[in-house]
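Everything quoted here is computed from the prediction, not taken from an experiment. All values below come from the heavy atoms of this structure, side chains included, with hydrogens, waters and symmetry mates left out. Naming: A, B, ... by sequence-line order, numbering from 1 per chain.
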There are 2 protein chains.
Amino acid sequence: MVQFNNPSLDLVFSALGDPTRRAMLATLRAGETSMGVLAEPHGITLAGAAKHIEVLTRAGLVTHRKVGRTRLCRLEPGALKSATEWIQWHEAFWHERMDSLEQALEEMQDD
Amino acid sequence: MVQFNNPSLDLVFSALGDPTRRAMLATLRAGETSMGVLAEPHGITLAGAAKHIEVLTRAGLVTHRKVGRTRLCRLEPGALKSATEWIQWHEAFWHERMDSLEQALEEMQDD
DNA sequence: CTCATTAGTAACCATTTGGTAAAGTTTAAA
DNA sequence: TTTAAACTTTACCAAATGGTTACTAATGAG
């Protein structure tokens, strides 16, 4: 049985529910990135971007380190693990259903 | 390249970001379920549950049909597809990083 | 040292969210 | 036919979200 009440699932899924944050994660795949660079493509202020990054940080999806006066953000993809497990559990159900559908179709063809 | 701006991803991920809704989805795996039954375990009113179900419906994760005076909700797991694809793309990155980590460790052992 | 850059913080705002209560509306059942 | 169950709809509320501006702090460059 999968743990539904995992509070980190709340944080991860709702962090992923925002297109700006998903785009930031995509940017971060290229490597460590400063807040300014993360903010720029979305036409939002630095303060706004900082809020998004805080959400991603609380979800464990990114970490930062301070280099001089810039804050370098780094992707922490291991945090997706719980989300992946949850989704896979549901995907399994989906495949079962698809199997039953296929079976049903085969039975119809037998008529 | 994966589509970041997929608005259905917004709906699906943020729908999954609530523990009550994830629990409802889990309940729905057992089969079609009435709104009252979905509401009961969470100690919320029917009206509150209806809002959650509306969120799940807008995300495409459930559908309903009316039978008599009860509304039967049904799981629609195909809606998880886009979310799965997005996550798998990031998981791939994670595995790459794990591979580099392993490589780095091997190189350290070679010293 | 000074000054421009860059990040952090605080206060504010509109909208959404997750919940409520209360008043309908259907429909099953006594 | 009356009653009660199972929703629906509406109005409301507090808190969180996603954004802003303005101010402060740190730091890198000249």
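Tested against B:E32 for a salt bridge (Lys or Arg N to Asp or Glu O under 4.0 Å), the candidates B:K66, B:R65, B:R71 yield a single pass: B:R65.
Taking atom CG of residue B:L38 and atom C1' of nucleotide C:dG18, one finds them 17 Å apart after rounding to whole Å. Taking atom NE2 on B:H42 and atom P on C:dT17, their separation rounds to 19 Å, with Å as the unit. Summarising the geometry, the separation between CD on B:E40 and P on D:dA5 is reported as 15 Å, rounded to the nearest angstrom. Atom C1' of nucleotide D:dT21 and atom CD1 of A:I44 are separated by 15 Å, given to the nearest angstrom.
A:G17 comes within contact range of no nucleotide atom at all, as no heavy-atom separation falls under 4.0 Å. Nucleic acid contact for B:G68: sugar-phosphate only, since backbone atoms but no base atoms lie under 4.0 Å from a heavy atom of the residue.
Here the closest heavy-atom approach between residue A:C73 and residue A:H64 is recorded as SG-ND1, 4.1 Å. Residues A:A15 and A:R21 share a closest heavy-atom pair of O-NE, 2.8 Å. Residue A:S82 comes nearest to A:S8 through the heavy atom pair OG-OG, 3.6 Å, listed as atom of the first residue, atom of the second, then distance. In this structure, B:R58 and B:L11 approach most closely via the heavy-atom pair O-CD1, 3.6 Å.
Taking OG1 from A:T20 and NE2 from A:H52, the interatomic distance works out to 4.5 Å, rounded to the nearest 0.5 Å.
Under the 4.5 Å side-chain heavy-atom criterion for ILVMFWY residues, no single connected hydrophobic cluster contains both B:V55 and B:L38.
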How would nucleotides 6-12 of chain D be written as a contact map, 5' to 3', with B for base contact, S for sugar-phosphate-only contact and - for no contact, using protein heavy atoms under 4.0 Å? SBBB---
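Of the possible donor and acceptor atoms, one in the side chain of B:T33 sits under 3.5 Å from a partner among the backbone N and O of B:G31.
Within residues 52-61 of chain B, the residues that have a heavy atom under 4.0 Å from DNA chain C are, in order of number, B:H52.
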